[in-house]
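Proteins get letters first, then strands, A, B, ... in listed order; numbering begins at 1 in each. Just so it is clear, the model here is predicted, and its values are computed rather than measured.
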Number of protein chains: 2
Amino acid sequence: MSGLDRYSLILHLFSEARPVWSVTEMAEASGAPQSTAYRTVHELVRQGFLEPAADARYRLGAAFLEFDRLIRKTDPYLAAGTLLLNDVIAQARVPCLALLARLYTDRVMCVADCANAGAPVSSYERGRPMPLTRGATSKVVLAHLPARRLAKVLETEAPLADDMTLKAELRAIRKRGFCISRSEIDKDRVGIGAPIVVPEAGIVGSLSLVAFVKDLDEATERRLVLLTVSSASLLAESLLTTPQPTS
Amino acid sequence: MSGLDRYSLILHLFSEARPVWSVTEMAEASGAPQSTAYRTVHELVRQGFLEPAADARYRLGAAFLEFDRLIRKTDPYLAAGTLLLNDVIAQARVPCLALLARLYTDRVMCVADCANAGAPVSSYERGRPMPLTRGATSKVVLAHLPARRLAKVLETEAPLADDMTLKAELRAIRKRGFCISRSEIDKDRVGIGAPIVVPEAGIVGSLSLVAFVKDLDEATERRLVLLTVSSASLLAESLLTTPQPTS
DNA sequence: TTGACAATTCTCATTTTTTGAGAAAAGTAG
DNA sequence: CTACTTTTCTCAAAAAATGAGAATTGTCAA
């Protein structure tokens, strides 16, 4: 094992199911001897990536809160997007969840979320990677990727059942300018996604709404599509005029 | 340079003032040659700690969002505390900001924040380290630290003007069970802090309110102190009864 | 206090990785 | 295609990680 991987391996042991680890457990799980594990953990603690918890165990440390805050504070996409999500759910006038997502190397990641009263409970929230090829949020992102980049992103995915179907679907989405998915991830939910593409800022992302099928008659759906699409392009434009140096 | 420090050094170049860096800039700033810098950045990108941005520059990556989410999801202190903060500001009935903080090794860090309408604008928010020896939030934490741990924490601080004064103050706070600070960090603000101490979970933290001096007559202040103290002990108790294995 | 007992750090010869200058390659814009 | 920038690659020398066990520190209960 070498370089960063050594540390990354340890950090990735921590999960929802198992958020605290003793050094002995980490040593076993990572296949390293105790003394090495102690040394590695010590370094991670010194840098704030791990933190001693009770009973000689460790949990993830404060460094992640700090870096996360830094991202929240410095990313114009996030700053503008977070404000926008509030407006969007206020104007939706049906129970729904608004998500801001973005392509990070090879995954579509949710970077902000906002819900109004009665919104569908969802596991999608800031910091969750989205399924790459399912749901409006992701598809609308894939649809607006240059061919070369798309191919690279899809490499990481398990070979697709029908690559051509997806390609055609993405072409259709690009043409229409938005994507609607029905019960594609969660049953009885509709996802409406619109692209946010700002090459100048190196950003390809999406803004999407998740609502209940039962709340959407045809007129409402049309209204929400319009809301989503116009909000997304509003955000894209505002990023163009934002004084960059930044992400 | 060795081990984690090499990576940590690069990551800590990223700041509010300068959130994107080219490899050449990182090389210069860290004193490493280009080829080394490229290698290091490559590793950080591979693990998601950095992310290519426009113009051959880099920004902080998605890994921080993911680990931050993991912490939010798995830390019972945070989970219970975040809910509680909502109740607290609702019951405050004056414009104010509620903060949940915790001692992380050698810093008091804000881990959750919640504001009601008209609340003081503050730079304190999730992910911000608090000044160690000023303000109710921090003092109330220090006051409830075992002597040995306190000494260790204060080591990192620049030598204090008057160590004895602080010690006496902390003794007084411990006796009273809460701390009020007036215009100690921001002018015309009052901070009210109450300790949250759960040795079984390895947690020493605080719950605090920040309000405007002008909004607080004597009765209101007494009410808010009571609210803060009782909410804090409620949280401490709920953590005792929570099924641990966790932080 | 004192004595278990567990957790953590230290030591050091050996093995493995990192380093860095320059060359080569890949990517981009004109 | 061409010039340019960015990025990766190469390899011998230098530096750091490794790991078994010893030494130390910390904890808790009598």
(message) Using a 4.0 Å heavy-atom cut-off, does Arg6(A) contact any base of the nucleic acid, only the sugar-phosphate backbone, or nothing at all?
(response) sugar-phosphate
(message) Rounded to whole Å, how long is the line connecting atom CG of Leu44(B) with atom P of dT18(C)?
(response) 13 Å
(request) Measure the distance from CG on Leu4(B) to P on dT18(C) and round it to the nearest whole Å. (result) 13 Å
(message) Could you tell me how far apart Arg39(B) (CZ) and dT10(D) (C1') are, to the nearest whole angstrom?
(response) 10 Å
(request) Describe, in one word, how the ring planes of Phe67(B) and Phe49(B) are oriented to each other, choosing from parallel (under 30°), tilted (30 to 60°) and perpendicular (over 60°). (result) parallel
(message) Quick one about Tyr58(B) and Glu51(B) (side-chain donor to acceptor, distance below 3.5 Å, no hydrogens or angles considered), yes or no?
(response) no
(request) Check whether any side-chain N or O of Thr36(B) sits under 4.0 Å from OP1 or OP2 of dT19(C), and answer yes or no. (result) no
(request) Rounded to the nearest angstrom, tell me the gap between atom CD in Glu25(B) and atom P in dT7(D). (result) 12 Å
(request) Give one of base, sugar-phosphate or nothing for Tyr7(A), where a contact means two heavy atoms less than 4.0 Å apart. (result) nothing
(request) Specify the separation, in whole Å, of atom OH of Tyr58(B) and atom P of dT6(D). (result) 10 Å
(message) Can you see if the side chain of His42(A) gets near the phosphate of dT9(C) - specifically, an N or O under 4.0 Å from OP1 or OP2?
(response) yes
(request) Report yes or no: do Gln47(B) and Ser8(A) form a side-chain donor-acceptor pair below 3.5 Å? (result) yes
(request) Could you tell me the separation between the CZ atom of Arg57(B) and the C1' atom of dT7(D), rounded to a whole number of Å? (result) 17 Å
(request) Would you give the length of the straight line joining atom CZ of Arg134(B) to atom OG of Ser181(B), rounded to the nearest 0.5 angstrom? (result) 10.0 Å
(request) Give a yes or no on whether Arg174(A) atom CZ has more than 12 heavy-atom contacts from other residues, nucleotides or ligands under 6.0 Å away. (result) yes
(message) When you measure from the side-chain N and O atoms of Tyr38(A) to the phosphate of dT11(C), is any distance below 4.0 Å, counting only OP1 and OP2?
(response) no
(request) Quickly work out the Gln34(B) CD to dG22(C) P distance and round it to whole Å. (result) 13 Å
(message) Both Ser35(B) and Glu43(A) contact DNA chain D. Which one's nearest nucleotide lies toward the 5' end?
(response) Ser35(B)
(message) In this structure, how many angstroms lie between the C1' atom of dT18(C) and the CD1 atom of Ile10(B), rounded?
(response) 15 Å
